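Given the structure is predicted, the values throughout are model-derived calculations rather than measurements.
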Amino acid sequence: MGKNKLEVIMKWVFFACAMISIIALLSICYFIFANALPFMTKYGIWDFLSGSTWKPRKEIFGIAPMLVGSLYVTLIAMVIAIPAGVFTAVFMAYYCPPTLHRFLKPAVNLMAGIPSIIYGYFGLVILVPFIRRLTRFFGISSPGLSVLAAGLVLAIMVLPTIITTSESSLRAVPRFYYEASIGLGATHDRTSYVIMVPAAKSGIIASIILGLGRAVGETMAVIMVAGNQPIFPRGLFQGTRTMTTNIMLEMAYASGTHRDALIATGAVLFVIVLIINAILAYVNRGRKTA
């Protein structure tokens, strides 16, 4: 009887925890959209999203430069991180000696736990001066604080997410896939890349989407190396400002319409993250039904 009471109590405890999570999410949604929708309706959704000028003092709020900046930085990060992360996961799953794996696996996990401010400091001290010297060598004027620097820092940051999730998916593929392929005469390399990797594609895609979500929402590391000019990026070696850094830089002193515009920027970012999470949920559902 005592055991049954404990089960009932724990059931309600778990239910309460779940409800707290749901209420917290609904509260966040209400706070964001209750402030963002009136502003966007008054200012104009299209004018807000496509406007090329951000001048809060003149009440001109166009976030297109920040949207494009976020897109550029995220695209660079994923172009670098996807092949590096997936190939590293394949190496760790099928090629890495056990002795090396005992050190490599904790190192990847440690990368995931490093604060973003440390990555930003690394980019500011190492990558920014390197890019400045590189562009000067080729006769290009660049301060080093640039789209490329932000993309490189983000690529390093999302690597642990892609590597860890991809490796777990690769190791979850049934062993008899490998044994059957080897038994039919295929080499280890061909089996790994033609049989095992496609079999784990749902998990690999999920890892990429998770990495994409982190790259889109990152703030501190980007704010230190991107240059933070609210203009359209003029090239890889010039500065830009993302939506997250725009909110971070100005929210502390914003008020009135300016504050509503920043909250609306957060709403746009929130919708983008929701879309990414919806894609991830769809991919995971496809993996479970496969």
Worksheet item: Strictly by modelled atom types, are Ser207 and Thr165 linked by a side-chain donor-acceptor pair under 3.5 Å?
Response: no
Worksheet item: If you look at every heavy atom in Ser166 and Ile162, which pair is closest and at what distance?
Response: OG-O, 2.7 Å
Worksheet item: Rounded to the nearest 0.5 Å, how far apart are OG of Ser21 and CE of Met19?
Response: 10.0 Å
Discussion item. Do the side chains of Lys11 and Glu7 get close enough for a salt bridge, i.e. N-O under 4.0 angstrom?
Written reply: no
Practice prompt. Please state whether the rings of Tyr95 and Phe91 are parallel, tilted or perpendicular, taking 30° and 60° as the class boundaries.
Written response: parallel
Worksheet item: Is the closest side-chain heavy-atom distance between Gln238 and Val147 below 4.5 Å?
Response: no
Discussion item. As a quick check of understanding, evaluate side-chain contact (heavy atoms from CB on, under 4.5 Å) for Ile263 and Met251, giving each step before the final call.
Written reply: CA-CA 9 Å; Ile263 295 175; Met251 183 58 80; 4.1 Å; yes
Worksheet item: Does one hydrophobic cluster hold both Phe237 and Phe137, with members joined at side-chain heavy-atom distances below 4.5 Å?
Response: yes
Worksheet item: Under the side-chain hydrogen bond (donor to acceptor under 3.5 Å, both in side chains) rule, what pairs show up with a residue in residues 27-41, not counting sequence neighbours?
Response: none
Item to complete: May I ask you to test the Tyr119-Ile156 pair for a side-chain heavy-atom distance under 4.5 Å?
Response: yes
Practice prompt. Please go through Val79's hydrophobic cluster and name the other residues, only I, L, V, M, F, W, Y counting, with side-chain heavy atoms under 4.5 Å joining them.
Written response: Leu75
Worksheet item: Taking a hydrophobic cluster as the set of Ile, Leu, Val, Met, Phe, Trp and Tyr residues connected by side-chain heavy atoms closer than 4.5 Å, whether directly or through intermediates, do Leu184 and Tyr177 fall within one such cluster?
Response: no
Practice prompt. Identify whether Val194 and Phe176 are in the same connected component of the hydrophobic contact network (ILVMFWY, side-chain heavy atoms under 4.5 Å).
Written response: yes
Practice prompt. Output yes when a side-chain donor or acceptor of Ser146 lies under 3.5 Å from a complementary backbone atom of Ser142, and no otherwise.
Written response: no
Worksheet, complete the sentence: Value for CD1 (Ile195) from CD1 (Ile182), rounded to nearest 0.5 Å, stands at 9.5 Å
Discussion item. With side-chain contact (heavy atoms from CB on, under 4.5 Å) as the criterion, how do Met92 and Thr88 come out once you've worked through the C-alpha distance, each side chain's angles and the decisive distance to 0.1 Å?
Written reply: CA-CA 6 Å; Met92 292 177 65; Thr88 302; 4.0 Å; yes
Worksheet item: Any donor-acceptor pair under 3.5 Å linking the side chain of Thr219 with the backbone of Thr245?
Response: no
Item to complete: Start with the C-alpha gap between Thr164 and Lys105, add the side-chain angles, then the distance that decides, and say whether side-chain contact (heavy atoms from CB on, under 4.5 Å) holds.
Response: CA-CA 8 Å; Thr164 302; Lys105 183 68 174 179; 4.0 Å; yes
Worksheet, complete the sentence: Residues Gly203 and Ser169: closest non-hydrogen pair is CA-OG, 3.1 Å
Worksheet item: Thinking salt bridges, do Arg259 and Glu250 make one under a 4.0 Å N-O criterion?
Response: no
Practice prompt. Look only at the side chain of Glu179 and the backbone of Ser181, and say whether a donor-acceptor pair between them is shorter than 3.5 Å.
Written response: no
Discussion item. Rounded to the nearest 0.5 Å, what separates atom CZ in Phe270 from atom CD1 in Ile275?
Written reply: 11.5 Å
Worksheet entry | Nearest-0.5 Å distance that lies between atom OG1 in Thr265 and atom CE in Met40 | 8.5 Å
Worksheet item: Shortest non-hydrogen contact from Ala155 to Ala81?
Response: O-CB, 3.8 Å
Fill in: Heavy-atom side-chain proximity of Met243 to Met248 below 4.5 angstrom
no
Item to complete: Please report the shortest heavy-atom distance between Val153 and Gly120, naming the atom on each side.
Response: CG1-N, 4.5 Å
Worksheet item: Same hydrophobic cluster for Ile223 and Ile231, using side-chain heavy-atom links shorter than 4.5 Å among ILVMFWY?
Response: no
Practice prompt. Flag yes if Ile23 and Ile32 sit in one hydrophobic cluster, no otherwise; membership is Ile, Leu, Val, Met, Phe, Trp, Tyr, and two members link when side-chain heavy atoms are under 4.5 Å apart.
Written response: no
Discussion item. I need the Ile247 CD1 to Leu262 CG distance, nearest 0.5 Å.
Written reply: 6.5 Å
Item to complete: Fit a plane to each ring of Tyr43 and Phe48, take the angle between them on a 0 to 90° scale, and name the class: parallel (under 30°), tilted (30 to 60°) or perpendicular (over 60°).
Response: perpendicular
Worksheet item: Looking only at atom types and distance, does a side-chain atom of Thr135 sit under 3.5 Å from a main-chain N or O of Ser141, one as donor and one as acceptor?
Response: no
Worksheet item: If you measure from OG1 on Thr191 to CE on Met196, what distance do you get to the nearest 0.5 Å?
Response: 8.5 Å
Worksheet item: Are Asn228 and Thr240 side-chain neighbours, meaning at least one heavy-atom pair lies under 4.5 Å?
Response: no
Discussion item. Are Tyr178 and Tyr94, when compared by the centres of their aromatic rings, separated by less than 6.0 Å?
Written reply: no
Worksheet entry | Steps toward side-chain contact (heavy atoms from CB on, under 4.5 Å) verdict (Val197, Phe87) | CA-CA 10 Å; Val197 172; Phe87 287 144; over 6 Å; no
Fill in: Val225 versus Ala221, closest heavy-atom pair with distance
CG2-O, 3.4 Å
Worksheet item: Is Trp54 close to Pro65 at the side-chain level, that is, under 4.5 Å between some pair of heavy atoms?
Response: no
Worksheet item: For the residue pair Ala200 and Val173, what are the closest heavy atoms and their distance?
Response: CB-CG2, 3.7 Å
Item to complete: Report yes or no: does Arg241 contribute a side-chain atom to a donor-acceptor pair with the main-chain N or O of Gly69 at less than 3.5 Å?
Response: no
Discussion item. I want to check something: taking the side chain as every heavy atom from C-beta on, are Ile163 and Met111 in contact at a cut-off of under 4.5 Å?
Written reply: no
Discussion item. Closer than 3.5 angstrom, by distance alone: can the side chain of Arg132 be matched with the main-chain N or O of Pro143 as a donor-acceptor pair?
Written reply: yes
Fill in: Side-chain heavy atoms of Val108 within contact of Leu159, under 4.5 Å
no
Worksheet item: Side-chain contact, heavy-atom cut-off 4.5 Å: Pro129 with Val125?
Response: no
